[in-house]
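Accompanying notes for the structure given below.
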Amino acid sequence: MFVENVRLMAERGDLDHRYYEYPGLFFHLLRPVLALAPEPDPGAQAYRLARGVVAAAGVLACAAVYVLGRGLAGPAVGLIGALLVAVSPVAVHTAHMVRPDVVLQVFVTAALVALLRVGPRLRSDALAGGLVGLAMAVKFSGAFLLPSYLLRRMLAAGPRLKGGLLAAAVGAALFAAATPYALINAREFAAGVQTQVGHHYEEDEGLLPPGLGLGPAYARVWVRALGLPAVALALGGVVLALRADARRWLPLLVLPLVTLAVMASQRFLFWRHLLPSLAVPALLAALAIEALSAAAARRMGAPPPALAAVLGLGVAAVPFARSLDYVRDVARPSTRDRALDWAQAHLAPGARILSTVENLGLDARRLELTELPRLGPHDRPLVLEMDYVLATPADDAAVLEGLREAARFEPESPVSGRPIRVLAVPGAVRPAFRPRPISADLVHVSENPGDVALLCDGDVGTLWRTDDPQRPGDWLAVEMPDAALLGRIELALGPHARFAARELQVAVSGDGARWTDVRSRPARPAVDRQRKEAGPASQVLVLTPPVRTRFVRVGLRRSGAHRWGVAELRLFALPDGP
């Protein structure tokens, strides 16, 4: 979503990030760095550069935590807090992904630093408001800073109303400047926001009901992020912070509480959502560590900085060990890496591949690739059209019966991914399709009936096509001599690939008058992704499951720029019997 849309921005020469489920600033930060990738095919280098941006932001986030801690309670608190963030498994894990959360962490922590300066001078409000606006331009959850700013503005001396209005104006201006297409394409942008929010609150079987059902789970994420010793110390640090300087600490404490409350109300658990507010509990733990070290130093006569360093390192050892485990495991080839290497070495050009492994990276310029989220109970006919299937445990086992296992890749660690099997489709299990004879007098079309004979003249050089560009409702229908168990429909295109239908729907009828839509799957990829090694261009539909019928109709479901054309229409039925 991020790398590919940045590449599209560069190709089009504009500032439109196009993926409106997120604001635009993260895309704009990636763009000049991705310009360093080789042209015309940046390939993996673009992703490495994007990951470098995120990793660098992770380092900046640690520096920002130090600055925040030093401003609150001195350099020791800043150093220990930065250490806890640096070794946090949540921070380390998220920094390995091309996502905006780590960049958001930088802007959020910088905004917290600016909050400490809010007071009599209006420019402090402008700075804080501007950083809140930039945080929101990275990701919408930057808005979680707003309660913190408002509370700080109420507690601090100075022009509250003027300061708040100035902060709002500067924040809105910088948000608009950093993501300009929020205004240019306001309707599409609003729809993207609605889609993003709706995704987190969509209803689905097995998910928690609305409310705060994920609260305990997200609370455990804090333990995962910092370790149990640090979380226990952070709870004690709350008391110390409020005693020391409640006016400065309270606005910071609001941030993780607001984040926890909002995220707990959604349907999905994502560790990375707590990352932008991680600085606050880390610094609270650091505050408690410094206080314990000072108390112990008075009793033991040892220097407080040395004790603070020892205790800080000891507390950080728990998350550090988990992060080391993650880095070690993620450095190994995952099941997807190994499956991809196998595919590149063993699959012949033009092989027909069905994959349910998300974003595996199979070369669509070399293979005939069909991808699905998972195989359901009706997908057996589609499976049998392929040469190989790459499957996961989420796929229905029944649709894979009789296939020969060519390779298996089991995870070597919790972060290695799902198990993946490569299954070859033997000829013995393929359906024995028999072509059904088609004659021009039994074919009917929605328009241009004068050329209907070209659909079945045996010459792919000739073409029936509609009079006008494709539109829903265009159709062609066949009356077969007798009823048959129809399983496969092929629309051969020959050299006329530009006339391929955008999207097709199959319907059947018992009398040629009343039609019923039936389930079907495309058995070849889009025409522009078909390989010559796999045969001439065509559109193939398999009925899932096969349907006994005498009348069959194929119609358009979407409009297209070109007319719809078919060089040869071919129907295939299964023999009678089990």
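Keep in mind it's a predicted model, so treat the numbers as computed, not measured.
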**Study point:** 4.5 Å side-chain heavy-atom contact, Val221 and Leu269
**Key:** yes

Exercise for review: Report yes or no: does Ser334 contribute a side-chain atom to a donor-acceptor pair with the main-chain N or O of Arg336 at less than 3.5 Å?
Suggested key: yes

Check your understanding: Val54 and Val102: which non-hydrogen atoms are nearest, and at how many Å?
Key -> O-CG1, 3.6 Å

Review point. Hey, is Arg328 close enough to Asp325 for a salt bridge, meaning N to O under 4.0 Å?
Key: yes

Review point. Do Lys139 and Asp101 meet the salt-bridge criterion of a basic N to acidic O distance under 4.0 Å?
Key: yes

**Study point:** Partner set under side-chain contact (heavy atoms from CB on, under 4.5 Å) for Arg531, not counting sequence neighbours
**Key:** Glu368, Glu533

Point to revise | Where Val330 and Val415 come nearest, the two heavy atoms and their spacing | key: N-CG2, 3.8 Å

Check your understanding: So, Arg570 and Glu568, do they make that salt bridge, N to O below 4.0 Å?
Key -> no

Practice item. Apply side chain to side chain contact (heavy atoms under 4.5 Å, CB included) to Ile438 and Val443, showing your working. Key: CA-CA 8 Å; Ile438 299 177; Val443 179; 3.5 Å; yes

Practice item. Output yes when a side-chain donor or acceptor of Glu447 lies under 3.5 Å from a complementary backbone atom of Asp467, and no otherwise. Key: yes

Review point. Is it the case that more than 12 heavy atoms not belonging to Glu358 sit under 6.0 Å from its CD atom?
Key: no

Check your understanding: Are any of the side-chain nitrogens in Asp482 or Arg436 under 4.0 Å away from the carboxylate oxygens of its partner?
Key -> yes

Exercise for review: Over all heavy atoms of both residues, which pair between Gly535 and Arg524 is shortest? Give the atoms and the distance, please.
Suggested key: O-NH2, 3.7 Å

Exercise for review: Classify the ring geometry between Phe189 and Phe140 as parallel (under 30°), tilted (30 to 60°) or perpendicular (over 60°).
Suggested key: perpendicular

**Study point:** Under-4.0 Å salt bridge between Arg465 and Asp451
**Key:** no

Check your understanding: Does some side-chain heavy atom of Leu390 sit less than 4.5 Å from a side-chain heavy atom of Ile353?
Key -> yes

Exercise for review: Would you please say whether a donor-acceptor pair under 3.5 Å links the side chains of Tyr218 and Gln266?
Suggested key: yes

Check your understanding: Should Arg332 and Ser416 be marked as a side-chain hydrogen bond (donor to acceptor under 3.5 Å, both in side chains) after you check the CA-CA gap, both sets of side-chain angles, and the distance that decides it?
Key -> CA-CA 8 Å; Arg332 300 173 181 171; Ser416 291; 6.0 Å; no

Point to revise | Residue Arg430 excluded, over 12 heavy atoms near CZ under 6.0 Å | key: yes

Point to revise | Ion pair Arg519/Asp379, N-O distance below 4.0 Å | key: no

Check your understanding: Does Arg563 CZ have over 12 foreign heavy atoms under 6.0 Å away?
Key -> yes

Review point. Measuring from Arg550:CZ to Leu442:CG, what's the distance to the nearest 0.5 Å?
Key: 8.0 Å

**Study point:** Residue pair Met480 / Leu571, side-chain heavy-atom distance below 4.5 Å
**Key:** yes

**Study point:** Atom CH2 of Trp342 with >12 non-hydrogen neighbours under 6.0 angstrom
**Key:** yes

Exercise for review: Verify the ring-centre separation between Trp475 and Trp564: is it less than 6.0 angstrom?
Suggested key: no

**Study point:** N-O pairing of Arg380 and Glu385 below 4.0 Å
**Key:** no

Review point. Does Ala507 offer a backbone N or O that forms a donor-acceptor pair with the side chain of Asp517 under 3.5 Å?
Key: no

Point to revise | N/O donor-acceptor pair under 3.5 Å between Thr94 side chain and Ala91 backbone | key: no

**Study point:** Thr335 (side chain) donor-acceptor with Arg418 (main chain) under 3.5 angstrom
**Key:** yes

Check your understanding: Under a 4.5 Å cut-off applied to non-hydrogen side-chain atoms, are Leu556 and Pro472 in contact?
Key -> no

Review point. Within the distance-only criterion (no hydrogens, no angle test), does the side chain of Arg51 pair as donor or acceptor with the backbone N or O of His96 below 3.5 angstrom?
Key: yes

Exercise for review: Compare all side-chain heavy atoms of Glu412 with those of Arg338 and state whether any distance is below 4.5 angstrom.
Suggested key: yes

Review point. What distance do Arg557 atom CZ and Glu503 atom CD have between them, rounded to the nearest 0.5 Å?
Key: 5.0 Å

**Study point:** Nearest-0.5 Å distance that lies between atom CG in Leu541 and atom OG in Ser520
**Key:** 5.0 Å

Review point. Which pair of heavy atoms, one from Ala440 and one from Cys456, lies closest together, and at what distance?
Key: N-SG, 3.6 Å

Check your understanding: Considering only heavy atoms from C-beta outward, does the side chain of Pro525 approach that of Gln530 to under 4.5 Å?
Key -> yes

Review point. Excluding sequence neighbours, so at least two apart, what forms salt bridge (Lys or Arg N to Asp or Glu O under 4.0 Å) with Arg18?
Key: Asp14

Practice item. May I ask you to decide if Arg502's main-chain N or O and Gln470's side chain share a donor-acceptor pair within less than 3.5 Å? Key: yes

Review point. Would you say the side chains of Ser439 and Asp441 form a donor-acceptor pair under 3.5 Å?
Key: yes

Review point. Taking the six-membered ring for Trp, are Tyr22 and Tyr19 parallel (under 30°), tilted (30 to 60°) or perpendicular (over 60°)?
Key: parallel

Point to revise | Pair Val506-Arg553, side chain to side chain contact (heavy atoms under 4.5 Å, CB included): steps then yes or no | key: CA-CA 6 Å; Val506 179; Arg553 183 178 69 191; over 6 Å; no

Review point. Between atom NE2 of His28 and atom CG of Leu30, what is the distance when rounded to the nearest 0.5 Å?
Key: 10.5 Å

**Study point:** side chain to side chain contact (heavy atoms under 4.5 Å, CB included) between Thr259 and Val262, worked out
**Key:** CA-CA 5 Å; Thr259 302; Val262 175; over 6 Å; no

Practice item. Might you point out which heavy atoms bring Ala432 and Leu574 nearest each other, and give the distance in Å? Key: N-CD2, 4.2 Å

Point to revise | Leu15 side, atom CG; Ile184 side, atom CD1 - distance, nearest 0.5 Å | key: 7.5 Å

Review point. Do you know which two heavy atoms are closest between Leu400 and Arg421, and how far apart they sit?
Key: CD1-NH2, 3.8 Å

Review point. Within a strict 4.5 Å, meaning less than it, do heavy atoms of the Tyr20 and Asp16 side chains meet?
Key: yes

Practice item. Count the heavy atoms of every other residue, nucleotide or ligand shown that sit under 6.0 Å from CD of Glu405, and state whether that count exceeds 12. Key: yes

Review point. Taking only residues two or more places apart in sequence, or in another chain, which ones meet Arg374 in a salt bridge (Lys or Arg N to Asp or Glu O under 4.0 Å)?
Key: none

Exercise for review: To the nearest 0.5 Å, tell me how far Leu454 CG sits from Thr462 OG1.
Suggested key: 4.5 Å

Practice item. Please step through side chain to side chain contact (heavy atoms under 4.5 Å, CB included) for the pair Tyr388 and Leu347, ending with a clear verdict. Key: CA-CA 9 Å; Tyr388 289 90; Leu347 298 181; 3.5 Å; yes

Check your understanding: Is Asn5 reaching over with its side chain to a backbone N or O of Leu8, donor-acceptor style, under 3.5 angstrom?
Key -> no

Check your understanding: Can you check whether Gly461's main-chain N or O pairs, donor with acceptor, with His496's side chain at less than 3.5 Å?
Key -> yes

Check your understanding: Are the side chain of Trp464 and the backbone of Asn448 linked by a donor-acceptor contact shorter than 3.5 Å?
Key -> yes

**Study point:** Thr466 and Asp474 side chains, donor-acceptor separation under 3.5 Å
**Key:** no

Practice item. Please work out whether the ring planes of Phe2 and Phe26 are parallel, tilted or perpendicular, with thresholds of 30° and 60°. Key: perpendicular

**Study point:** Any Pro431 side-chain heavy atom under 4.5 Å of Pro381 side chain
**Key:** no

